[in-house]
Amino acid sequence: MNADSGSEKTEGGAEDATPLRRGWTTGTCATAAARAAADALFGGEFPDPVTVTLPGGQTPAFALAVTERGEGAEGSPGEFPGGPWAMAGIVKDAGDDPDVTHGALVRARVWRGAPGSGVTFRAGPGVGTVTLPGLPLAVGEPAINPVPRRMIAQAVGEAAAAAGQPADLVVEVGVENGELLAKRTMNGRLGILGGLSILGTTGIVVPYSCAAWIASIQRGVDVARAAGLGHVAACTGDLSEKAVVARYGLSEQALLDMGDFVGGTLKYLRRHPIPHLTLCGGFAKFGKLARGLMDLHSKRNSVDFDWLAGRLADLGAGPELVAQARGANTAAQVLGMADAAGLPLADHVAELARRAAQDVLEDAPVAVEVLVTDRQGRIVGEAHSPNSWPSPR
């Protein structure tokens with residue numbers, strides 16, 4: 001993510017005449033809110049707009065949506081609960097990105113901490129708490145990621161310096177309706193409970209960026225490894241995930257919401273291996289993986305009916321069936337043709353997909369299983385690594 005101007009790519013990769021508008025991360029919004037609150041705490045006015053500095057040097061300004069001052073209100077767990085505090089809020093603008101937190105009110109409340117304590121953080125309403133190891137934050141810490149913490153500490157530190165005061169401050173970050181919004185994220189699976197995470201590495205949201213999704217997959221792998229899990233499942237969607245859970249009874253921490261990013265998942269597991277990996281997804285998507293494609297999105301890689309027809313020929317299909325497959329409208333239609341002819345096309349595709357995945361993993365100690373599902377979420381094809389494999393429940 002960066003702050004370059006100019007045209008963006010559409011999801012399909014074509015140049016779009018209208019640039020997609022970039023936005024701001026929750027970390028940036030929390031930083032701006034904390035800076036405004038800190039300025040007010042030290043006796044100044046709430047700056048509106050408030051300007052902050054991003055890791056890349058950009059200096060965006062933000063309008064304040066809410067401001068408030070108080071004295072030791074209920075819920076401020078600082079060392080001086082009877083002392084003053086100040087709160088400011090920013091409405092997050094994610095640009096043209098389909099972000100669940102777009103339009104959310106991000107608040108920061110600031111009060112003085114104990115002398116010499118530096119900047120410390122609290123989870124306010126709507127921000128989660130880390131409950132599992134494996135994340136870049138200790139268990140029990142508010143889910144405010146390292147880069148936003150540095151941004152916030154710098155911002156409130158500048159406010160303290162301008163007032164000639166030590167930067168011994170408590171910063172409480174909250175997100176309105178954050179606990180409800182978190183249900184639409186992978187936080188619960190990562191052991192972040194009670195709300196959202198405050199995220200961001202550059203402070204800027206690039207529309208339709210896959211970086212955040214892949215980062216969530218990576219954190220899922222980290223949590224699974226920290227929990228000592230020997231078997232994880234990376235699934236393309238809800239139906240495939242349910243199929244894996246029905247077969248193996250895996251816990252939430254063993255489930256990776258891979259989506260279309262099989263390449264990013266495999267590359268991270270190559271560097272951070274887990275002994276057993278199940279890849280589970282639909283026939284059309286895994287037909288792409290079987291061809292060696294590592295991005296399964298329909299707009300970036302389409303079903304190749306000539307290739308599917310060739311695989312039917314490998315299994316002994318006659319010229320008429322092969323020709324029908326070449327002229328099919330959907331991958332499911334080809335699968336139906338194979339089933340009607342008694343040809344194990346789904347198993348064949350699963351094995352080719354397994355080999356493609358194993359090639360990406362190289363020599364990493366990961367045994368791969370591929371499960372192929374139909375449109376109803378039933379497992380219709382499978383292939384296993386020659387290495388040992390966990391038994392279903």
Side-chain angles (χ1 to χ4, degrees), residues 25-47 50-55 62 64 66-90 105-133 135-176 178-179 191-200 203:
T25 63
T26 48
T28 296
C29 296
T31 299
R35 175 58 196 261
D39 280 341
L41 178 71
F42 289 122
E45 297 300 317
F46 286 97
V50 57
T51 300
V52 295
T53 301
L54 304 186
F62 298 86
L64 300 183
V66 295
T67 61
E68 190 177 352
R69 300 176 193 259
E71 291 277 341
E74 181 182 356
S76 63
E79 286 77 2
F80 300 99
W85 54 265
M87 183 277 294
I90 306 285
L105 179 62
V106 181
R107 293 189 178 95
R109 181 161 58 158
V110 181
W111 62 91
R112 295 177 188 266
S117 62
V119 179
T120 57
F121 296 91
R122 300 285 189 274
V127 168
T129 299
V130 176
T131 66
L132 293 175
L135 297 172
L137 298 167
V139 171
E141 280 291 308
I144 305 169
N145 273 19
V147 172
R149 285 178 182 237
R150 290 196 292 271
M151 292 170 60
I152 293 168
Q154 176 183 334
V156 299
E158 290 170 354
Q165 298 290 325
D168 298 322
L169 299 168
V170 181
V171 180
E172 177 190 83
V173 180
V175 180
E176 190 170 73
E179 191 166 1
I192 297 170
L193 303 183
L196 293 162
S197 303
I198 302 301
L199 303 173

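What you see is a predicted model; the values in this text were computed from it and never measured.
- Between Leu137 and Pro146, the closest side-chain pair of non-hydrogen atoms falls below 4.5 Å.
- A distance of 9.0 Å separates CD of Gln165 from CG of Leu41, quoted to the nearest 0.5 Å.
- Minimum interatomic distance between Leu64 and Ala36 (heavy atoms only, all atoms of both residues): CD2-CB, 3.9 Å.
- Annotation: side chain of Val173 is not in contact with side chain of Pro142 (no heavy-atom distance under 4.5 Å).
- The side-chain hydrogen bond (donor to acceptor under 3.5 Å, both in side chains) analysis of residues 123-133, with sequence neighbours excluded, yields no pairs.
- Thr53 pairs by the side-chain contact (heavy atoms from CB on, under 4.5 Å) definition with Thr59, Gln154, not counting sequence neighbours.
- Partners of Pro133 by side-chain contact (heavy atoms from CB on, under 4.5 Å), not counting sequence neighbours, listed by chain and number: Val139, Ala226.
- Residues Phe42 and Leu169 are in side-chain contact: their nearest non-hydrogen atoms beyond the backbone lie under 4.5 Å apart.
- In this structure Glu68 satisfies the salt bridge (Lys or Arg N to Asp or Glu O under 4.0 Å) test with no other residue, sequence neighbours excluded.
- With salt bridges taken as basic N to acidic carboxylate O contacts below 4.0 Å, none links Glu172 and Arg122.
- Nearest heavy-atom pair, Ala38 versus Val110, reported as atom, atom and distance to 0.1 Å: N-CG2, 4.3 Å.
- Residues that satisfy the side-chain contact (heavy atoms from CB on, under 4.5 Å) test with Ala161, not counting sequence neighbours, are absent from this structure.
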Could you please spell out the steps behind the side-chain contact (heavy atoms from CB on, under 4.5 Å) verdict for Thr28 and Ile90? CA-CA 10 Å; Thr28 296; Ile90 306 285; over 6 Å; no
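- Shown here are the side-chain hydrogen bond (donor to acceptor under 3.5 Å, both in side chains) partners of Glu179, two or more places apart in sequence or in another chain: there are none.
- Smallest separation of non-hydrogen atoms from Val170 and Gly113: CG2-CA, 4.0 Å.
- With sequence neighbours excluded, the residues satisfying side-chain hydrogen bond (donor to acceptor under 3.5 Å, both in side chains) with Arg107 are Glu176.
- The two residues Gly200 and Pro148 come nearest to each other via the heavy atoms O-CD, 3.3 Å.
- At least one side-chain heavy atom of Leu199 sits under 4.5 Å from a side-chain heavy atom of Asn145.
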Please test Leu135 against Ile192 for side-chain contact (heavy atoms from CB on, under 4.5 Å), starting from the C-alpha separation and ending with a verdict. CA-CA 10 Å; Leu135 297 172; Ile192 297 170; 3.8 Å; yes
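- Taking the side chain as every heavy atom from C-beta outward, Asp39 and Glu45 never approach each other to under 4.5 Å.
- Judged as a side-chain hydrogen bond (donor to acceptor under 3.5 Å, both in side chains), and not counting sequence neighbours, Thr26 has no contacts.
- Contact detail for Ala167 and Gly157: the closest heavy-atom pair is CB-CA, 4.0 Å.
- In this structure, the separation between CZ on Arg150 and OG1 on Thr31 is 11.5 Å, given to the nearest 0.5 Å.
- In terms of heavy-atom proximity, Ile152 sits nearest to Ala34 at CG2-CB, 3.9 Å.
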Begin from the C-alpha positions of Ile144 and Val171 and carry the test side-chain contact (heavy atoms from CB on, under 4.5 Å) through to its verdict. CA-CA 11 Å; Ile144 305 169; Val171 180; over 6 Å; no
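- For Ala40, the side-chain contact (heavy atoms from CB on, under 4.5 Å) test picks out Phe46, Arg69, Ala86, with sequence neighbours left out.
- The ring pair (Phe, Tyr, Trp, His ring centres under 6.0 Å) check on Phe121 picks up nothing, with sequence neighbours excluded.
- Residues in residues 155-169 take part in these salt bridge (Lys or Arg N to Asp or Glu O under 4.0 Å) pairs, two or more places apart or across chains: Arg35-Glu158.
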